Amino acid sequence: MGKIDFNPSTLLNPVPVVMISSENAEKNNIFTAAWVGTVCSEPPMVSVSIRKERLSYSMIKETGEFVINLVTKELAKACDYCGVKSGRDVDKFKELKLTPLESQNISAPGIEESPVRLECRVEKVLELGSHDMFIAKIVGITADDKYLSKNGKYDLEKAGLICYSHGEYFSLGEKLGFFGYSIAAPDVLKRRMQKD
């Protein structure tokens, strides 16, 4: 099997795809982002890279707040729409019949139809080139209780989340393992791999 060399580019795939909501004094907006990641667990922090010409870039830069809304299969079409339509031309909440959900810790609304909403406050902005990276602290989370299992575990895999890979959206597939499964005792492995 041969190997192919490429020039450096952004081929790190698949990646999560999310809908980011923000708000300033004039309006609220939603945009789609696939360049989002966890950067720290204590305190919980994330990063999102945004092009400077995006409407949400100026809104988030102004307010220092945004909400990361996880995306399900049911939200996939809305997610794509929010990535190709500008909030300068259309009210995406209204157009897509999405419900703004009041956040508990920031002014920006979440999207009620999303199973999990991460309320974020910007700590730092790194100017990088085509995108600037907003590093933000997660200051609150609102999640739908329907994904809470009988044993108290939050079973987000049942939400039908999607990811983005090289210009296409995909639903997440079958469970392959869990953290530490490579060294788990056989009885633990069997029990943990069974579906609820």
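Position 1 is the first residue of the sequence, and the numbers go up from there. Note that the coordinates shown come from a computational prediction; the quantities given were computed from them, not determined experimentally.
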Please set out all donor-acceptor pairs under 3.5 angstrom arising from side-chain atoms of residues 94-102, sequence neighbours excluded.
| from | atom 1 | to | atom 2 | distance (Å) |
| --- | --- | --- | --- | --- |
| Thr99 | OG1 | Glu113 | OE2 | 2.7 |

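- Legend: salt bridge (charged side-chain N to carboxylate O under 4.0 Å, His left out) pairs involving residues 23-37, not counting sequence neighbours: none detected.
- Looking only at distances, no side-chain donor or acceptor of Ser149 sits under 3.5 Å from a matching main-chain atom of Asp155.
- Interatomic distance, SG of Cys82 versus CG of Asn29, reported as 7.5 Å (0.5 Å rounding).
- Put simply, CE on Met19 and CD1 on Ile30 are 5.0 Å apart, with the number rounded to the nearest 0.5 Å.
- The backbone N or O of Ser107 sits nowhere less than 3.5 Å from a side-chain atom of Ser103 that would complete a donor-acceptor pair.
- Looking at Asn13, its side chain does come within 3.5 Å of a backbone N or O of His166 through a donor-acceptor pair.
- Between the CD1 atom in Ile20 and the OG1 atom in Thr32 there is a gap of 9.0 Å [rounded to 0.5 Å].
- Rounding to the nearest 0.5 Å gives a distance of 9.5 Å between OG of Ser21 and CE of Met59.
- Nearest heavy-atom pair, Ala34 versus Val15, reported as atom, atom and distance to 0.1 Å: O-CG2, 3.3 Å.
- Remark: Asn69 CG to Leu75 CG distance equals 8.5 Å, nearest 0.5 Å.
- Taking Ile, Leu, Val, Met, Phe, Trp and Tyr as hydrophobic and joining them when side-chain heavy atoms fall under 4.5 Å apart, one finds Val139 in a cluster with Val67, Ile106.
- For Ser114 (side chain) and Ile111 (main-chain N/O), no donor-acceptor pair under 3.5 Å exists by modelled atom type.
- Counting non-hydrogen atoms of other residues, nucleotides and ligands closer than 6.0 Å to CG of Leu12 gives a total of 12 or fewer.
- Residues Phe31 and Ile60 have side chains in contact (heavy-atom distance under 4.5 Å, counting atoms from C-beta outward).
- Pairs passing the side-chain hydrogen bond (donor to acceptor under 3.5 Å, both in side chains) check and including a residue from residues 116-126, sequence neighbours excluded, read Asn105-Glu119, Arg117-Asp144.
- There is a path of hydrophobic side-chain contacts, each under 4.5 Å, that joins Ile138 to Leu161.
- Salt bridge status for Lys77 with Asp80: absent, with no side-chain N to carboxylate O gap under 4.0 Å.
- Legend: residues meeting ring-ring contact (aromatic ring centres under 6.0 Å, His included) with Tyr169, ordered by chain and number and at least two apart, are Tyr164.
- Lys92 contributes a side-chain N or O that, together with a main-chain N or O of Lys85, makes up a donor-acceptor pair within less than 3.5 Å.
- Note that the CG atom of Leu118 and the OG1 atom of Thr142 stand 9.0 Å from one another [nearest 0.5 Å].
- The ring pair (Phe, Tyr, Trp, His ring centres under 6.0 Å) pairs that include a residue from residues 133-161 are Tyr57-Phe134, where partners are two or more places apart or lie in different chains.
- Looking at residues two or more places apart in sequence or on another chain, you find no side-chain contact (heavy atoms from CB on, under 4.5 Å) involving Ile183.
- For residues 64-121, no pair satisfies ring pair (Phe, Tyr, Trp, His ring centres under 6.0 Å), with sequence neighbours left out.
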Pair up each side-chain donor or acceptor in residues 41-53 with any protein partner under 3.5 Å, not counting sequence neighbours, and list the distances.
none

Could you check Leu70 against Val18 for side-chain contact (heavy atoms from CB on, under 4.5 Å), going step by step and ending with a plain yes or no?
CA-CA 5 Å; Leu70 300 190; Val18 299; 4.0 Å; yes

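- Hydrophobic clustering (ILVMFWY, side-chain heavy atoms < 4.5 Å, transitive): Ile68 and Val122 are in one cluster.
- Take Thr63 and apply the side-chain contact (heavy atoms from CB on, under 4.5 Å) test, not counting sequence neighbours, and it matches Asn24, Glu65.
- Pairing each heavy atom of Val17 with each of Cys79, the nearest pair is CG2-SG, 3.6 Å.
- Counting heavy atoms from C-beta outward, Val71 and Cys163 have side chains that stay 4.5 Å or more apart.
- In terms of hydrophobic clustering, with Ile, Leu, Val, Met, Phe, Trp and Tyr side chains grouped at heavy-atom distances under 4.5 Å, Val36 and Ile162 are assigned to different clusters.
- For Ser22, the side chain to side chain donor-acceptor pair (under 3.5 Å) criterion is met by no residue, not counting sequence neighbours.
- Checked against side-chain contact (heavy atoms from CB on, under 4.5 Å), Ser86 has the following partners two or more places apart in sequence or in another chain: Arg88, Asp89.
- By the 6.0 Å contact criterion, OH on Tyr181 is open, its count of non-hydrogen atoms from other residues, nucleotides or ligands being 12 or less.
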